[in-house]
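Along the sequence shown, the residues carry numbers beginning at 1.
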Amino acid sequence: MIVSHLADRTLQANLRSLLPFLQGSCFVLIETARFAATSLLIVLGLPLALFLFVAGWDLGGLFTQLANLSDRYLEANSLRRSLFSQDLRGCFLVLAGGVTLFRMPRFLKRLAADLDNHPAREESRD
């Protein structure tokens with residue numbers, strides 16, 4: 001009976017020592033997911049901004065260009081469609097890589113600063 005009571009104490013102590021690691025890991029995962037989501041939204045918004053810029057910031061011109069693009073895509077043969085899809089994928093990957101590389105240093109600095117200023121490590125302000 002005494003041994004089981006001691007085992008319960010060591011288990012709780014081990015869990016408490018593991019808690020800061022788990023909190024830090026969850027924080028890093030949440031911040032990384034936030035970084036990835038915002039980078040993806042930036043990459044998906046850039047073509048829209050480009051089309052609007054080409055159309056002179058006019059929605060009518062934008063939809064005219066998109067209708068022209070869709071008509072040409074539907075009239076193309078399967079080889080041209082495949083090549084166009086590959087080009088789009090390549091542009092998306094290059095753009096996503098560029099945005100990620102551009103934003104990465106600031107993200108890492110902010111993440112390191114946030115981890116250094118962890119609330120458990122700060123002194124009490126009472």
Side-chain angles (χ1 to χ4, degrees):
M1 188 156 155
I2 295 175
V3 174
S4 68
H5 183 66
L6 291 174
D8 290 342
R9 285 186 184 177
T10 58
L11 181 64
Q12 289 177 355
N14 288 341
L15 288 176
R16 283 193 182 133
S17 66
L18 190 62
L19 188 61
F21 173 74
L22 291 175
Q23 288 174 338
S25 298
C26 288
F27 176 74
V28 169
L29 287 173
I30 290 169
E31 288 296 315
T32 304
R34 181 177 156 241
F35 173 76
T38 56
S39 295
L40 182 64
L41 289 174
I42 289 170
V43 170
L44 291 175
L46 284 175
L48 176 62
L50 176 69
F51 275 124
L52 278 171
F53 177 74
V54 170
W57 304 105
D58 179 38
L59 286 178
L62 170 70
F63 286 112
T64 302
Q65 285 180 352
L66 290 177
N68 183 27
L69 183 64
S70 67
D71 289 342
R72 289 181 182 269
Y73 182 79
L74 292 174
E75 291 171 2
N77 60 18
S78 62
L79 177 63
R80 288 182 162 234
R81 286 183 187 184
S82 175
L83 291 174
F84 181 72
S85 297
Q86 287 178 356
D87 288 345
L88 278 181
R89 274 186 242 134
C91 289
F92 177 78
L93 290 175
V94 167
L95 195 58
V99 166
T100 303
L101 286 176
F102 180 73
R103 297 183 68 216
M104 187 65 71
R106 183 173 175 219
F107 167 71
L108 292 175
K109 284 181 188 177
R110 190 188 54 178
L111 186 64
D114 287 346
L115 287 174
D116 286 342
N117 295 328
H118 190 271
R121 295 182 189 153
E122 289 181 0
E123 296 179 15
S124 178
R125 296 182 182 162
D126 295 346

Which heavy atom of [X] sits nearest a heavy atom of [Y], and at what distance?
X: A55; Y: G61; answer: CB-C, 3.7 Å
X: P20; Y: S17; answer: CD-O, 3.5 Å
X: A96; Y: T100; answer: O-OG1, 2.7 Å
X: R81; Y: L74; answer: NH2-O, 2.7 Å

Would you indicate whether the side-chain heavy atoms of [Y] and [X] approach each other to under 4.5 Å?
X: L40; Y: F92; value: yes
X: L83; Y: L79; value: yes
X: S85; Y: Y73; value: yes
X: V28; Y: L115; value: yes

Exercise for the section: Give a yes or no on this: more than 12 heavy atoms of other residues, nucleotides or ligands lie within 6.0 Å of atom CZ of F27. Expected result: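 Enclosed: over 12 neighbouring heavy atoms sit under 6.0 Å from CZ of F27.
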Practice task
Please say whether more than 12 non-hydrogen atoms of neighbouring residues, nucleotides or ligands are located less than 6.0 Å from CZ in R72.
Solution key: no
State which residues pass side chain to side chain contact (heavy atoms under 4.5 Å, CB included) with [X]; sequence neighbours excluded, sorted by chain then number.
X: L41; answer: none
X: F51; answer: L62, Q65, L66, L69
X: R80; answer: A76, N77

According to a hydrophobic-cluster definition based on side-chain heavy atoms being under 4.5 Å apart (Ile, Leu, Val, Met, Phe, Trp, Tyr only), do [X] and [Y] belong together?
X: L93; Y: L88; value: no
X: L46; Y: L44; value: yes
X: L48; Y: W57; value: yes
X: V99; Y: L50; value: no

Practice task
Evaluate side chain to side chain contact (heavy atoms under 4.5 Å, CB included) for I30 paired with R34, printing each intermediate quantity in order.
Solution key: CA-CA 6 Å; I30 290 169; R34 181 177 156 241; 5.5 Å; no
Problem - E75 CD to S70 OG distance, which is reported to the nearest 0.5 Å - result: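 Here the rounded value is 9.5 Å.
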